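What follows is a short report on a single structure.
Predicted model only: the values in this text are computed from it and were never measured.
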Amino acid sequence: ARRREGRGREGDVCGALVFLKKKYGTHDVSRYQNSSSLCPDMTFLCGVNASMTSAKKTFGECMIALDCAMHVEMRVNIQEDPIVTFIHQMIPHHRNAVNMAKVLLKHGQITDANDPDGDLVAMLWNIVNTQNE
């Protein structure tokens with residue numbers, strides 16, 4: 001089985017991120033867990049609700065926190081130099097891609113049945129390895 005185990009702090013919807021931060025260097029997004037104050041009236045992922053399985057709800061809430069983090073961190077002031085503005089926005093954009101890849105590696109239930117050639121896992125690790133530079 002390719003799925004890795006680990007648990008985060010109690011109440012941490014991205015508990016995998018706490019575990020993965022220690023093991024893989026995941027950027028902390030815990031302050032974005034309650035996205036209603038930081039990303040009011042924004043919907044990043046539809047259909048996350050209390051009637052879902054616990055694992056699916058946790059995954060959805062984690063993805064919402066990651067998306068809120070990216071949205072907030074990409075809010076920058078425009079600079080005189082367009083390259084500077086571009087870089088200020090691309091850093092959180094790529095950090096989010098890395099975090100999303102790590103969460104899918106942790107919670108994606110990737111098996112030989114849904115990734116028989118290992119292409120998905122290879123792509124996810126490629127995102128982690130190349131977008132962290």
Side-chain angles (χ1 to χ4, degrees):
R2 297 181 200 165
R3 188 166 181 236
R4 293 174 177 86
E5 296 300 324
R7 296 197 183 274
R9 297 179 296 244
E10 185 67 29
D12 181 359
V13 298
C14 291
L17 294 178
V18 175
F19 167 75
L20 290 168
K21 182 176 184 177
K22 291 177 185 173
K23 189 164 183 176
Y24 304 115
T26 304
H27 180 71
D28 185 23
V29 297
S30 59
R31 69 185 177 125
Y32 300 101
Q33 288 178 22
N34 183 4
S35 62
S36 61
S37 63
L38 294 168
C39 300
D41 302 321
M42 295 182 173
T43 302
F44 299 108
L45 188 61
C46 300
V48 177
N49 59 60
S51 66
M52 297 179 153
T53 64
S54 177
K56 187 174 181 180
K57 185 173 185 264
T58 298
F59 177 78
E61 289 174 346
C62 185
M63 295 301 281
I64 290 169
L66 291 173
D67 291 342
C68 177
M70 183 181 72
H71 180 81
V72 169
E73 292 173 4
M74 285 184 68
R75 292 180 194 155
V76 300
N77 291 320
I78 192 161
Q79 302 294 311
E80 191 64 36
D81 185 343
I83 295 170
V84 173
T85 302
F86 174 82
I87 290 175
H88 284 178
Q89 288 195 306
M90 289 308 288
I91 290 170
H93 175 77
H94 284 268
R95 184 182 309 133
N96 196 55
V98 169
N99 283 338
M100 290 175 76
K102 289 178 179 180
V103 168
L104 189 56
L105 284 164
K106 170 72 176 129
H107 288 292
Q109 300 174 353
I110 302 169
T111 65
D112 290 335
N114 61 18
D115 186 21
D117 298 324
D119 292 340
L120 176 60
V121 169
M123 180 192 72
L124 294 170
W125 281 113
N126 185 47
I127 290 169
V128 171
N129 292 328
T130 61
Q131 295 191 32
N132 261 328
E133 297 178 358

Correct closest heavy-atom pair for Y32 and C68 would be CD2-SG, 3.9 Å
Might you work through the side-chain contact (heavy atoms from CB on, under 4.5 Å) test for L66 and M63, ending with a clear yes or no?
-> CA-CA 5 Å; L66 291 173; M63 295 301 281; 4.0 Å; yes
Answer yes or no: is there a donor N or O on one side and an acceptor on the other, between the side chain of N114 and the main chain of T111, under 3.5 Å?
-> yes
Start with the C-alpha distance between M70 and R95, add both sets of side-chain angles, then the distance that settles side-chain contact (heavy atoms from CB on, under 4.5 Å), and finish with yes or no.
-> CA-CA 8 Å; M70 183 181 72; R95 184 182 309 133; over 6 Å; no
Can you name the closest pair of heavy atoms from P92 and M74 and give their distance?
-> CG-CG, 3.6 Å
Check: I78 main-chain N/O paired with T85 side-chain donor or acceptor under 3.5 Å = no
Minimal non-hydrogen separation, L105 against I110, with atom names | CA-CD1, 4.5 Å
Rounded to the nearest 0.5 Å, how far does CG of D67 lie from CE of M100?
-> 5.5 Å
Group every Ile, Leu, Val, Met, Phe, Trp and Tyr by side-chain heavy-atom contacts under 4.5 Å, then state whether L45 and L38 land in the same group.
-> yes
For residues K102 and I127, determine if any side-chain heavy atom of one lies less than 4.5 Å from a side-chain heavy atom of the other.
-> no
Mark yes when over 12 heavy atoms from residues, nucleotides or ligands other than N49 sit less than 6.0 Å from its CG; otherwise mark no.
-> yes
CD1/I91 to CZ/F86 distance, rounded to the nearest 0.5 angstrom?
-> 10.0 Å
Give, for atom CE of M52 and atom NZ of K57, the distance between the pair rounded to the nearest 0.5 Å.
-> 9.0 Å
Any donor-acceptor pair under 3.5 Å linking the side chain of T43 with the backbone of C46?
-> no
Between E73 (side chain) and H71 (backbone), is there a donor-acceptor pair under 3.5 Å?
-> no
Quick one: do V72 and M42 end up in the same hydrophobic cluster if we chain Ile, Leu, Val, Met, Phe, Trp and Tyr together by side-chain heavy atoms under 4.5 Å apart?
-> yes
Does any N or O in the side chain of D115 come within less than 3.5 Å of the main-chain N or O of D119, such that one atom is a donor and the other an acceptor?
-> yes
When rounded to the nearest 0.5 angstrom, what is the spacing between CG in N129 and CG in L124?
-> 11.0 Å
Might you point out which heavy atoms bring G60 and V48 nearest each other, and give the distance in Å?
-> CA-CG2, 4.0 Å
Does I87 belong to the same Ile/Leu/Val/Met/Phe/Trp/Tyr cluster as M90, with side-chain heavy atoms less than 4.5 Å apart forming each link?
-> yes
